[in-house]
Asks: 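Before I ask anything, here is the structure I am working with.
Note that these values count all heavy atoms, side chains included, but never hydrogens, waters or copies made by symmetry.
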Amino acid sequence: MGIIRLWPVALAVFIPGIILLYLLKQKVVNQKISALNLWKEAYENVQASTPWEKFRNNILMYMQIAALLLLILALMSPYITGSGSEYSNVLIIIDNSASMSGLYSEDESKLDVAKEQAADYVNSNDGTRYTIMTVSNTPELIISGSDDKGRVSDAVNNIETTDIAGSLDQAASMVQSLVAAWKSYKVIAFTDSSANMQNINCEVVDLSIQGNNGAIQSLSHTVSEDGTVKVMARVDNYGSNSLNTDVNLYIGNKLYDIQNVTVEAGESSIVYFKDIASGKYNSILAGNTPYLMAELNSKDMLAGDNIVYDILDNGSENKILLVTDKNTFLEKALKISGSQTIDKVQPKDAEAADIEEYSLVVYDGVLPGELSETGNIIFINPPASDVKKETEGWQKDIFIYGKKSKSSVIRTLKGNVTEYIEDYSFSSLDVLGFKTPKWAKAFFETGSKLSAGYLGNYNGRMVAVIGFDLHNTDFPLQTEFPIFMYNLLRETMSARIAEKSVYNAGEAVSIQKKGKSEKVVVTKPDGTKENYNLEGGTVVFADTIDAGLYSIKEDDGEMYFIVPFPEEESDVLKETVITSDKNTKTDVNKTLSGSISKKMVVLPVLALLLVLLMAEWIVYRKRL
């Protein structure tokens, strides 16, 4: 038996006080009585000349002293030591990656079993500080150093699985930093995946289990020249037995086709669905559900990889308008974008052109009188006389003039526009240097540390500025130029609500303001919605932990994106291998050993104290 705190021993100073109370001489009240047999005792009480009585054994005194001793013992938090070792800190790590949602038994997932065993351990061990951590692709600290078992148990029971790929490896560095500050500790980890625990002394509960699992890993479509859409899916069998199942194809929420497939153990098979006619495809694109969904019509160990989505794209043409009076070279460079249509007009005719029908407008050596409400823009070599003017409105927001240099060395800055041409430099004449606006990011820098090129989302459209004439530099003659133009056009024409239509689970989604939209609503796979304000032009949505279909809706548009179930989490037959460094003890078990280090006995002591106080009251009442 042991105790946690010693300070309650100081309360023992009250024991002499209890004894003194029984030595003090009691005041006697004269009363008329009908018998003489009490005279002798009364005589003995009054014959003493001091205030003290002779010490006599009194059961009430002994009971009160015993009650005080029990109270002191309870305050000292006594415990009995079980068969396990004694730890002042216990770190519990629970893997909540995608594979942990798989079935461990008929009605329990691997995560359910992990939480149950962890909660039982917490409830069975007292006098210990608990730290709870979850890990998928990154570790997350849920509770740190708490001895409140109720709070710790609630935190464990509230852990939910994610559809993120990961393992215990991602938590190793954080665990090492935590245990380095503890003198006595135990690490308990629950997982179904292989991991290297490095130099961490721990007990790993291996929850991997063999079984059958089919997964539909990809769904894609191609549009033929006549507009017919061909749809195919890949089905993988990760189980140990042959898989025979129906595969359902949905257009939006409506069932369109069913195909049967047989896949041998460890093999894959391609499923071809019934073609979608061009007329039906066009009506789908014009509707509210421009996506396909394929589903395995069978039950197995892992439900998350039985559904897959594919976003339909109308493949709309990106039209470019070039406003210039001489630059035929620039017209050829713009064809790198792959756009089918590149129109060129003279600056004097630009106002008559229907700007709204173009995805991108390139102004070479000229500025428009007014900015169109839609469309992306590239300004190349804007007139210095115009950008130096102190004007209000869009020109003041886009051009923050620095200075003009007759010649300057321009170097590339790391970013999407300069991908594959980092650390490159070239010379140019008549370079305009700008201060980079808050909404943009520079990709060219002058020798004066001013921006000679920048790009960003300005009021829901992509705007790029290049501060020199391409004729005044040899850059277009270099092999890096086509790469630069491809990157620039790709980034400038990417003014979509989100950058792409497929994201990994746990990956943040940057949502861009499109047009005049002020708010955006994100709908998650479970139907819950999150609202964001677009006043800053961009917001980040990070809650992509669940696989499935997401929608982003703004005032001026809506788009869908997909979070697929990670393929590496579907393999239920993979062997779990736990390794560690030399001289490090790592125990791997199928169930938690459950050794009890400290069992608190405070409640039994308090119960005994309550019984003693009740007994004292009964004795006192009988003496009255």
Asks: Checking S146 against D148: is there a side-chain donor and acceptor pair closer than 3.5 Å?
Replies: no
Asks: Answer with yes or no whether the side chains of Y532 and E530 bring together a donor and an acceptor at under 3.5 Å.
Replies: yes
Asks: side-chain contact (heavy atoms from CB on, under 4.5 Å) for V90 and Y121? Distances and angles first, verdict last.
Replies: CA-CA 10 Å; V90 172; Y121 183 91; 4.0 Å; yes
Asks: Determine whether Q217 and V308 satisfy the following criterion, side-chain contact (heavy atoms from CB on, under 4.5 Å), listing intermediate values before the conclusion.
Replies: CA-CA 7 Å; Q217 297 290 6; V308 68; over 6 Å; no
Asks: Roughly how far, to the nearest 0.5 Å, is CE of M63 from CD1 of I618?
Replies: 8.0 Å
Asks: Is there a side-chain contact between W182 and T131 (heavy atoms, below 4.5 Å)?
Replies: yes
Asks: I'd like to know if the side chain of N306 and the backbone of E295 have a donor-acceptor N/O pair within less than 3.5 Å.
Replies: no
Asks: Side chains of S101 and T161: do they bring a donor and an acceptor to under 3.5 Å?
Replies: no
Asks: Using the rule given for side-chain hydrogen bond (donor to acceptor under 3.5 Å, both in side chains), can you reason through T528 versus D526, listing the C-alpha separation, both sets of side-chain angles and the distance that settles it, and then say yes or no?
Replies: CA-CA 6 Å; T528 58; D526 61 0; 2.7 Å; yes
Asks: At what distance, to the nearest 0.5 angstrom, does OG1 of T134 lie from CD1 of I159?
Replies: 6.0 Å
Asks: Quick check against the 3.5 Å criterion: does K519 have a side-chain atom that pairs as donor or acceptor with the backbone of L534?
Replies: no
Asks: Identify the heavy atoms of E575 and S194 that sit nearest to each other, and give their distance.
Replies: O-OG, 3.1 Å
Asks: Does any part of the side chain of V509, heavy atoms only, come nearer than 4.5 Å to the side chain of V540, both counted from C-beta?
Replies: no
Asks: Measure the spacing between CG of L6 and CD1 of I72 and express it to the nearest 0.5 Å.
Replies: 12.0 Å
Asks: Between S208 and T576, does any side-chain donor sit less than 3.5 Å from a side-chain acceptor?
Replies: yes
Asks: Under the side-chain contact (heavy atoms from CB on, under 4.5 Å) rule, what do V247 and V235 come out as? Steps first, then yes or no, please.
Replies: CA-CA 9 Å; V247 185; V235 178; 4.2 Å; yes
Asks: With distance as the sole criterion, is a donor-acceptor pair present between the side chains of S99 and D192 under 3.5 Å?
Replies: yes
Asks: If only side-chain N and O atoms count, and only distance matters, is there a donor-acceptor pair under 3.5 Å linking T128 with D147?
Replies: no
Asks: Do D112 and K110 pass the salt bridge (charged side-chain N to carboxylate O under 4.0 Å, His left out) test, and can you show the C-alpha distance, the side-chain angles, and the key distance before you say yes or no?
Replies: CA-CA 5 Å; D112 292 334; K110 298 174 186 177; over 6 Å; no
Asks: Sub-3.5 Å donor-acceptor pair from the side chain of D169 to the main-chain atoms of N196, do we have one?
Replies: yes
Asks: List the atom of E569, the atom of G166, and the distance in Å for their closest heavy-atom pair.
Replies: OE2-N, 3.4 Å
Asks: For atom NZ of K553, decide whether the heavy atoms of other residues, nucleotides or ligands shown that lie under 6.0 angstrom number more than 12.
Replies: no
Asks: Do you know which two heavy atoms are closest between E203 and N589, and how far apart they sit?
Replies: OE2-ND2, 3.0 Å
Asks: If you draw a 6.0 Å radius around CD1 in I59, do more than 12 non-hydrogen atoms from other residues or ligands fall strictly inside?
Replies: no
Asks: Looking at K149, is its backbone amide N or carbonyl O close enough to the side chain of S153 to form a donor-acceptor pair, meaning the two atoms are under 3.5 Å apart?
Replies: yes
Asks: I'd like to know if the side chain of D95 and the backbone of T191 have a donor-acceptor N/O pair within less than 3.5 Å.
Replies: no
Asks: What is the minimum heavy-atom distance between P78 and V602, and which atoms define it?
Replies: CD-CG2, 3.8 Å
Asks: If only atom types and distance count, is the side chain of S88 paired as donor or acceptor with the main-chain N or O of S184 below 3.5 Å?
Replies: yes
Asks: Going by atom types alone, do N199 and Q176 pair a side-chain donor with an acceptor below 3.5 Å?
Replies: yes
Asks: Have a look at Y550 and tell me which of F561, Y560, Y503, Y291 forms a ring-ring contact (aromatic ring centres under 6.0 Å, His included) with it.
Replies: F561
Asks: Has the side chain of N237 got a donor or acceptor atom that lies under 3.5 Å from a matching backbone atom of N241?
Replies: yes
Asks: Flag the pair V263 / T245 as yes when at least one side-chain heavy-atom distance between them is below 4.5 Å, and no otherwise.
Replies: no
Asks: Could you tell me if the side chain of S570 sits less than 4.5 Å from the side chain of D236, heavy atoms only?
Replies: no
Asks: Is there side-chain contact between I216 and R234, with heavy atoms separated by less than 4.5 Å?
Replies: no
Asks: Apply the test salt bridge (charged side-chain N to carboxylate O under 4.0 Å, His left out) to residues D543 and K524: give CA-CA distance (whole Å), side-chain angles for both, the deciding distance (0.1 Å), then the verdict.
Replies: CA-CA 9 Å; D543 190 11; K524 296 188 288 188; 2.6 Å; yes
Asks: Verify side-chain contact (heavy atoms from CB on, under 4.5 Å) between I552 and E558, making sure each step is shown before the conclusion.
Replies: CA-CA 6 Å; I552 308 174; E558 181 179 15; over 6 Å; no
Asks: Quiz question: by atom type and distance under 3.5 Å, do the side chains of E507 and T544 form a donor-acceptor pair?
Replies: no
Asks: Roughly how far, to the nearest 0.5 Å, is CG of L68 from CG of L609?
Replies: 9.5 Å
Asks: What's the spacing between M133 CE and L168 CG if we round to 0.5 Å?
Replies: 10.5 Å
Asks: In the structure I gave you, are the side-chain heavy atoms of L70 and L612 within less than 4.5 Å of one another anywhere?
Replies: yes
Asks: Atom NZ in K115, atom CG in D120: separation rounded to 0.5 Å?
Replies: 13.0 Å
Asks: Strictly distance-based, threshold 3.5 Å: is any side-chain N or O of N96 a donor or acceptor partner for the main-chain N or O of E160?
Replies: yes
Asks: Please assess E616 against R621 for the test salt bridge (charged side-chain N to carboxylate O under 4.0 Å, His left out), listing each intermediate value before the final yes or no.
Replies: CA-CA 9 Å; E616 184 205 6; R621 292 291 297 177; over 6 Å; no
Asks: Keeping Q117 on the side-chain end and A114 on the backbone end, is there a donor-acceptor pair under 3.5 Å?
Replies: no
Asks: Check whether any side-chain heavy atom of I188 sits under 4.5 Å from a side-chain heavy atom of L91, and report yes or no.
Replies: no
Asks: Of all the heavy-atom pairs spanning G214 and D305, show the shortest one and how long it is.
Replies: O-OD1, 3.5 Å
Asks: Within a strict 4.5 Å, meaning less than it, do heavy atoms of the L296 and N248 side chains meet?
Replies: no
Asks: Can you name the closest pair of heavy atoms from V156 and I132 and give their distance?
Replies: CG2-CD1, 3.9 Å
